[in-house]
Q: 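Below is one structure. I have some questions about it.
Throughout, protein chains are lettered first and strands after them, A, B, ... in sequence-line order, and every chain is numbered starting at 1.
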Amino acid sequence: MSGFDKVVNSYEEALAGLEDNMTVIAGGFGLCGIPENLIQQIKVMGTKGLTIVSNNCGVDGFGLGILLEDRQIRKMVSSYVGENALFEQQLLAGELEVELTPQGTLAEKMRAGGAGIPAFYTATGFGTPVAEGKEVREFNGRNYILEESITGDFAIVKGWKADRYGNVIYRDTAQNFNPLAATAGKITIVEVEEIVEPGELEPTQIHTPGIYVNRLIKGTFEKRIEQRTVRQA
Amino acid sequence: MSGFDKVVNSYEEALAGLEDNMTVIAGGFGLCGIPENLIQQIKVMGTKGLTIVSNNCGVDGFGLGILLEDRQIRKMVSSYVGENALFEQQLLAGELEVELTPQGTLAEKMRAGGAGIPAFYTATGFGTPVAEGKEVREFNGRNYILEESITGDFAIVKGWKADRYGNVIYRDTAQNFNPLAATAGKITIVEVEEIVEPGELEPTQIHTPGIYVNRLIKGTFEKRIEQRTVRQA
Amino acid sequence: MALTREQMAMRVARELQDGYYVNLGIGIPTLVANYVPEGMEVMLQSENGLLGMGPFPTEDEIDADMINAGKQTVTAATGASIFSSAESFAMIRGGHVDLTVLGAFEVDTQGNIASWMIPGKLIKGMGGAMDLVAGADNIIVTMTHASKHGESKLLSTCSLPLTGAGCIKKVLTDLAYLEIENGAFILKERAPGVSVEEIVEKTEGELVVPDSVPEMTF
Amino acid sequence: MALTREQMAMRVARELQDGYYVNLGIGIPTLVANYVPEGMEVMLQSENGLLGMGPFPTEDEIDADMINAGKQTVTAATGASIFSSAESFAMIRGGHVDLTVLGAFEVDTQGNIASWMIPGKLIKGMGGAMDLVAGADNIIVTMTHASKHGESKLLSTCSLPLTGAGCIKKVLTDLAYLEIENGAFILKERAPGVSVEEIVEKTEGELVVPDSVPEMTF
C-alpha cells in the first residue's frame, strides 16, 4: 500500500511508543466523542505518570476515569472535572495534580499548538485566579492575558469516518475537541467507526486532513450517555 | 420571515452603510473565490479612502483591481500584489500605501480578529523586514514576533451555497480566505451562487455558521481564470 | 413575593430580540428557552459546538453523539450548524453571541462575577464560564438576591475567586432587576409585592434607588 | 556541466520519501513533481488550501474554483482535502509538511534566505514564502549558484532583505548540492563534470570541501 495508508490493525500497534510520564491530548466532551478504546488500551498498558490534556476526565469507571483506578494520571489539564468521585478523592489526597483551564482557552491552546503559534492573548480569565503568574497586556483599551499553546507526545482522537489516508470526519457534537487534539500530537492516533477508501470523502468536507494523522484504527464503541434527557413524542 | 433570514435583494442594500475611509476585508485568492459583484458595487458607489485587507488586489480591470481605477483604495494589506500594473504605478507614485503581510500571518490575523484574540506570536517573519517595530519573544528556545489581529468595518465574502440563515459552504479552493474574512467583519456580507432553505445543508458540513453573516445575496459570477493551464486529455 | 424560577426565566426572556444568538447557562438560564415570545425566533448556542440547539429528543431520537454543554441529549434545530470547540469559542470570545445568560454565586458593583469556585470545597472547574463572561457584551446574571442565610450576593467586592472582572452590567435576582453603572447597582425593577426596603436590606453593595421603581408584571 | 532545470528537479526528487507531504514553490520546485521515484507516493500541499494536488486539468475539466498557489488551474488527487487559508498555514507553520522546496535569490552561511524583494525594483510581496521557511524543518532551496554576471548567490551574509533567518540547511544549485552547518556551506555533491575549483570560485561564503566530493549521476 501507499505510504499514506495510516491504518493499523491492533490497539497495541496504535499506541506503540507511549511511555511513562508522557503528555497525551485527548478529544471528547464529557463522554461524547471520546476515544474509548484507546483509553482502554492505555489502561491495559499500565503507563504511569501521564499528563492528560482533555476537557473532562470521564466518569467513574468509564472514559478517562478508568485511568484513575491504577493512578496512571499524574496531572490533568481540564476545564471541568466535576463528574468523578475518584478524581475528587485523589485530588484531595494530593495524588493528582489539576490545571484548570477555561474551556475556550483550552481549545485554542490545542489549536495553537498544532498551528505553530506558541502563545496568544485572550481576555478570558483576566482578573481571575487563571491569570496568576501570566503576563497582562492592554490592546485597544482592554486587558488580556498571555496563554501558551499545548502540544502532546500523543493525541488520541475519536472520529466517525476516515479514509485510509487519515482524512477524518466527525459526527454531530462528537466533533468537539477532537479535530484540535488531532493537530497537536507529535503522534496522532484516530479511532473511527468506519474506514473508507481514499476518494470516498468529499475533499471540502473533511474536518481533519490526513497530514495530521499518524495512525488510524477501526473500533467499536459503547458511546455511553451521561445525561439521558427526553421529551414525550 | 424569521429574524435569522439574512437575504437582501439588491447589492445597494447589501453594501448599505459603507462609507469613505472604512476598512473592508475581502475573501479570495488571486481571482479565485472573490466577491466580484460586491467589489463592482463598491466601484459604483465610489467610496474613497478605503483600506482593503485581501491576499491580492485582483488584476487590471477585474476583481479589486477595478477599485484602483478611480483611486478608491488608500491602503492595501496583502501578501502579494504582483499581478497588477496600475497597482505598481499608484504605489510608485505614492498614491497608494501597501502593508505587505506574510500569507499565513494574514490568514491568522483575520481568524484572530474574528475570534477575539487581539494578538499572537509567530516565527514567520522573524529576522526579516516584516519584524521591524514588532516585539520579539523567545518560547522554548526559538524567536517569535508578535502580530496583532485584524477586523474590518465590513467583510465581503464569496460563497457557493448558503441557506437563508447565512450558513455558508464554499466550493473547492474558492474557500481560501473567505471563511476567515467572514468572521472578521463588523458587518459581513456574503454573495453566493445559490440560496437554499434552512435545513438543506448538513449541519456538520457548514464552513461558515450563520452567526457571522449579516447580509446574504445571490449573484451571478464571471469567475475569470488567471492562469489557464491544461494537460492533453 | 420573590420570583419563582419560572418567573425569572420569563423576565429574562423579555430581553430577547428576534434573530438573537443566545447562550444559556445551566439552571434557570436554561428555562429561558421555554419563554421565547410568540412570533420571535432565537437560536441557542451550546458551547460544546452546536449553534441551533433544538428540544430534547424523543426516546427514538436519542443519539449519544448529540449533546449540549450540560451533557444532556438534545436535538439540532432546523438551520443548525455543528463545529469544533475552537470554532465555538471563537464565536463566543469574538463577541458574536448576542446574549449570554448565566448563574452566579456573587456579583459586585465593579461588574465582577464569581460563579465557579468555593475555596475549601471541591473545585470542579470553570468550564466555559470564563470565556462566556469575557466574550459577551450583553450578559444577564440570574441568581437569588441573598443566600438561604440572608447574606447578600450583590456585594461591593466579590468574596469568592472571580470568573470575570468588570464584565457584568445586568443582574436579575428573585427580588429585582438591576443594572451596574459607575460602581453601583441601579435598581430598575422589583418583583411583584417586594418592597424597595427589602431589596435595600439585602443588597450589600452600593445601591441607587430611582424615584420610581416599577413592579414587574407577569 | 551545470545541471539543467530538469536535472535539478531530479536531484531534489531523490530527497523524497514515500508518504511525504511536500510543498513545492514556483519554478524548478514545481518540476520535482515530475520525478517522484517509481513506487513512491508523495502528496503535494498548495498553500491556497489544497492537500493532494493533482495534475493540470484537461480542457474539459478546467474549473475556475480549483487552482494552486501559482493561480494555475489544477485538479485534486484521490484522497485530497481542501480547506481555508488559516488551516493551510496552520499545517505549514505547525511543521506538519515534511519537505518544502523553494527558489531564492541568495542564501548565506547562517542559514538565512532572501527570496522576495529587491529594493529599488518593485516589491511584489512575500506571499507564503516567509511562512513556509519559518514552518518547515526540512527545506531545500533551489537556485543557480551564481548570477549571470558571475556573482555568487551563496554568501557569508545575504545582501537582500531576508525571507527567513537561520532556517535553511540544504541548497541545491546548478553546480552543487550543499548543506549548511556551523556557519559554513559543506560541499556534499557536485554536478557531473563540474570541478571543485569552479564551485570554490563561485561560492562567496565560507565553504568546507571534504576530501571526497562525489559527482551526481543521472
Q: Please determine, among D/Asp63, D/Leu132, D/Asp60, D/Leu50, the option with the most heavy-atom pairs under 4.5 Å with chain B.
A: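 Result: the option with the highest number of such pairs is D/Asp63.
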Q: For chain D, which residues from residues 166-181 of chain B have at least one heavy atom closer than 4.5 Å to it?
A: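 Counting heavy atoms that sit under 4.5 Å from chain D, the residues of residues 166-181 of chain B involved are B/Arg171, B/Asp172, B/Thr173, B/Ala174, B/Gln175, B/Asn176, B/Phe177, B/Pro179, B/Leu180.
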Q: Within residues 222-230 of chain B, which positions have a heavy-atom distance to chain D below 4.5 Å?
A: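 Near chain D, by residue number: B/Lys223, B/Ile225, B/Glu226, B/Gln227, B/Arg228, B/Thr229, B/Val230.
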Q: Inspect the surroundings of CG in D/Asp137 and state if more than 12 heavy atoms from other residues, nucleotides or ligands are less than 6.0 Å away.
A: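 No, because the 6.0 Å sphere around CG of D/Asp137 holds 12 heavy atoms or fewer from other groups.
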Q: When heavy-atom pairs shorter than 4.5 Å are enumerated against chain B, which of D/Val74, D/Val133, D/Asn112, D/Asn48 gives the highest number?
A: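 Going by pairs under 4.5 Å, I would pick D/Asn48.
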Q: Under a 4.5 Å cutoff for heavy-atom pairs, which residue among B/Leu100, B/Val98, B/Thr101, B/Val130 has the most contacts with chain D?
A: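 Among the listed options, the one with the most contacts to chain D is B/Leu100.
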Q: Would you mind telling me which of D/Ser85, D/Gly70, D/Gly125 has the largest number of heavy-atom pairs within less than 4.5 Å of chain B?
A: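 Most pairs with chain B among the choices: D/Ser85.
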Q: Quick check: do D/Thr58 and B/Gln232 have side-chain heavy atoms less than 4.5 Å from each other?
A: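 Heavy-atom side-chain distance check fails, nothing below 4.5 Å.
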Q: Does any non-hydrogen side-chain atom of D/Phe89 lie less than 4.5 Å from one of B/Thr105?
A: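 Contact flag for B/Thr105/D/Phe89 side chains = no.
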Q: Which atom pair, heavy atoms only, marks the closest approach of B/Pro129 to D/Pro161?
A: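 So the two residues come closest at CG-CB, 3.6 Å.
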Q: With a 6.0 Å cut-off (strictly less than), is the heavy-atom count around NZ of D/Lys169, excluding the residue itself, greater than 12?
A: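 Count not over threshold, so no.
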Q: Taking D/Asp131 for its side chain and B/Gly104 for its backbone only, find out whether a donor-acceptor pair lies under 3.5 Å.
A: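 Confirmed, D/Asp131 side chain pairs with B/Gly104 backbone.
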Q: Looking at B/Pro102, B/Gly27, B/Gly127, which has the largest count of heavy-atom pairs under 4.5 Å with chain D?
A: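 Looking at each of B/Pro102, B/Gly27, B/Gly127 in turn, B/Pro102 comes out on top.
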Q: Mind checking the CG-CD1 spacing from B/Leu31 to D/Ile67? Nearest 0.5 Å is all I need.
A: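 Output value for this atom pair is 8.0 Å.
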Q: Relative to chain D, which segment of B/Asn56 carries a heavy atom at a distance below 4.5 Å: side chain, backbone, both, or neither?
A: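 The side chain, not the backbone.
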Q: Counting heavy-atom pairs under 4.5 Å with chain B, which one of D/Ala76, D/Ser88, D/Ala69, D/Ala80 comes out on top?
A: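 Answer, by heavy-atom pair count under 4.5 Å with chain B: D/Ala69.
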Q: Could you look at D/Thr163 and say if it's the side chain, the backbone, both or neither that has a heavy atom under 4.5 Å from chain B?
A: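 Only the backbone of D/Thr163 comes within 4.5 Å of chain B.
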Q: Can you tell me how far CZ of B/Phe126 sits from CE of D/Met130, rounded to the nearest 0.5 angstrom?
A: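 Output value for this atom pair is 12.5 Å.
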Q: Report the distance from atom NE2 of B/His207 to atom OG of D/Ser84, rounding to the nearest 0.5 Å.
A: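 Interatomic distance, B/His207 NE2 to D/Ser84 OG, rounded to 0.5 Å: 9.0 Å.
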Q: So which part of D/Ile62 gets closer than 4.5 Å to some heavy atom of chain B, the side chain, the backbone, both or neither?
A: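 Only the side chain of D/Ile62 comes within 4.5 Å of chain B.
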Q: Decide, yes or no, whether a salt bridge links D/Lys71 with B/Glu83 under the criterion of side-chain N to carboxylate O below 4.0 Å.
A: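 Salt bridge present between D/Lys71 and B/Glu83.
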Q: So which part of D/Asn68 gets closer than 4.5 Å to some heavy atom of chain B, the side chain, the backbone, both or neither?
A: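 Backbone only.
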Q: For residues B/Cys32 and D/Ala64, report the shortest heavy-atom separation together with the two atoms involved.
A: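 It is SG-O, 3.5 Å.
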Q: What is the distance from atom NZ of D/Lys124 to atom CG of B/Asn84, rounded to the nearest 0.5 Å?
A: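 Reported to 0.5 Å precision, the distance equals 10.0 Å.
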Q: Using every non-hydrogen atom in the two residues, find where B/Gln103 and D/Gly128 come nearest and quote the distance to one decimal.
A: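 Where B/Gln103 meets D/Gly128 most closely, the heavy atoms are NE2-N, 3.4 Å.
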Q: Do NZ/NE/NH1/NH2 and the carboxylate oxygens of D/Glu61 and B/Arg231 come within less than 4.0 Å?
A: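 Between B/Arg231 and D/Glu61 there is a salt bridge, with a charged N closer than 4.0 Å to a carboxylate O.
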